Amino acid sequence: RGARPGEAARQVVVPPGSQRPVPHLRVVLQRAASHAPQVRLGNAALNISQTSYVDARRPPLTNPYFEILAQRGTQGTTDGINWNGTVWLPFELAGQRGRRVAEAEAFVDLHEATLETAEASAHGEALSAYGTALVAAERIRVLEHLVAMSKTTANIYEARLEAGDAILRDATIARVDLARNEVLLQDARGRLASALSQLNRVTGERYDGVTIDGLSPPDVNLEAYLRRIAKELPPAVASSEAEAMYFETQKARLEREVMGPVQLMLMGGRGDFGEARLGAGNAYEIPLFRSRQGARARADADG
């Protein structure tokens, strides 16, 4: 019985015992966008980058510290022990917190852009492996048909040779043709196995065969693509711009943090004659010799 029109297109190219043929392209791309190694690493890096907000959003006040001094004069010049206690309370007045927050936001934006690049890369790998699997599956289908025809032809010439109705050269050519098609079939099967391996790596699945009618070429809407790139940059370019913005904000933060915190001093104690003493003051470190030159030079070079 001859095959009906379109029957070959519904064949399944799978090894014996296959249980998971490749699904529709839409499913493959969805799996790649969430399970590809580079996407999973990008998600982990994005989660880690968001922890930078914890330090960036801390209050402009830093930890207070205490200082206590006690003294006593000789020969009865003091009434008891003279002591002084000072509370130092550093706080930032130059907008350092705002620069830290801006840097943290740029850091997170950088990892979000990197994640988009990873997703685009995963989609590209999935599309490439999917197309290779499609071509290999079709080649296997065609070559299996050719091998069957070559085997039939070789058997016919063998029978004719035994009956004396053919010469040895014709039978030999038929066997060579069969051997060549069998080699091409094995090569196509190897390519399919390689494509499935790549597809499994990108999707995190274990596909072991291809249903030809389940494969379909991607829908390409060139006008939608052109409209999209007119509104937003490609992922690789957006990632580079996000990286440049991050280093710019890092540089701005370092320049502002050269101005150290102002330290409020609250003092109290007991004087030489037993009187109570209260006072207040402030301290500030002048960035004269050390102003984070190395870190700022690195930020300039990175930017």
Side-chain angles (χ1 to χ4, degrees), residues 20-53 56 101-139 190-251 299 301-303:
R20 299 207 63 186
V22 178
H24 192 273
L25 176 60
R26 180 181 62 257
V27 179
V28 171
L29 294 179
Q30 289 174 351
R31 292 288 301 179
S34 59
H35 290 78
Q38 61 267 44
V39 174
R40 298 178 69 178
L41 289 174
N43 276 315
L46 177 59
N47 291 335
I48 294 173
S49 70
Q50 291 173 344
T51 61
S52 61
Y53 284 126
V101 172
E103 181 185 5
E105 291 175 347
F107 191 57
V108 173
D109 291 343
L110 169 60
H111 283 81
E112 288 178 347
T114 303
L115 178 59
E116 292 181 0
T117 303
E119 291 176 350
S121 173
H123 279 161
E125 291 184 21
L127 281 170
S128 176
Y130 187 89
T132 303
L134 171 63
V135 173
E138 183 63 19
R139 286 190 66 200
R191 295 188 182 188
L192 177 60
S194 176
L196 290 176
S197 176
Q198 177 70 3
L199 205 57
N200 291 340
R201 186 189 69 83
V202 177
T203 60
E205 292 289 348
R206 292 186 177 181
Y207 304 129
D208 55 3
V210 174
T211 304
I212 294 179
D213 65 346
L215 292 170
S216 60
D219 296 329
V220 179
N221 190 336
L222 185 58
E223 293 183 358
Y225 171 75
L226 294 176
R227 288 195 300 268
R228 179 180 177 184
I229 63 175
K231 295 180 180 179
E232 58 186 43
L233 295 172
V237 179
S239 177
S240 297
E241 290 203 347
E243 184 177 15
M245 180 59 66
Y246 165 67
F247 286 122
E248 285 294 328
T249 57
Q250 184 184 65
K251 177 183 175 183
D302 286 333

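Model, not experiment: these values are computed from the prediction.
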Heavy atoms, side chains only, cut-off 4.5 Å: are [X] and [Y] in contact?
| X | Y | answer |
| --- | --- | --- |
| L110 | S49 | no |
| S197 | R201 | no |
| Q38 | E119 | no |
| E112 | L46 | yes |
| V210 | L196 | yes |
| F247 | K251 | no |
| H35 | E205 | no |
| V135 | R139 | yes |

Where is the tightest heavy-atom contact between [X] and [Y], given as atom of each residue plus distance?
| X | Y | value |
| --- | --- | --- |
| A104 | Y53 | CB-CD2, 3.8 Å |
| S239 | T114 | OG-OG1, 3.7 Å |
| Y246 | A106 | CA-CB, 3.7 Å |
| A32 | A122 | O-CB, 3.6 Å |
| L192 | A133 | CD1-O, 3.8 Å |
| A126 | V202 | CB-CG1, 4.1 Å |

Spacing of [X] atom [atom1] and [Y] atom [atom2] [to the nearest 0.5 Å]:
| X | Y | atom1 | atom2 | result |
| --- | --- | --- | --- | --- |
| E105 | Q50 | CD | CD | 12.0 Å |
| Q250 | E103 | CD | CD | 5.0 Å |
| I48 | F107 | CD1 | CZ | 9.0 Å |

Worksheet item: Does T249 reach the main-chain N or O of M245 with its side chain, forming a donor-acceptor pair under 3.5 Å?
Response: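 Yes, T249 side chain to M245 backbone: donor-acceptor pair under 3.5 Å.
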Worksheet item: Between the main-chain N or O of R31 and the side-chain N or O of T203, is there a donor-acceptor pair closer than 3.5 Å?
Response: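 Not confirmed, T203 side chain does not pair with R31 backbone.
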Discussion item. Under the side chain to side chain contact (heavy atoms under 4.5 Å, CB included) test against V22, which residue among V27, N200, L199, D208 passes?
Written reply: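 Testing V22 for a side chain to side chain contact (heavy atoms under 4.5 Å, CB included) against V27, N200, L199, D208 leaves exactly one candidate, L199.
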Practice prompt. List the steps and the verdict of side chain to side chain contact (heavy atoms under 4.5 Å, CB included) for S121 and E125.
Written response: CA-CA 6 Å; S121 173; E125 291 184 21; 3.7 Å; yes
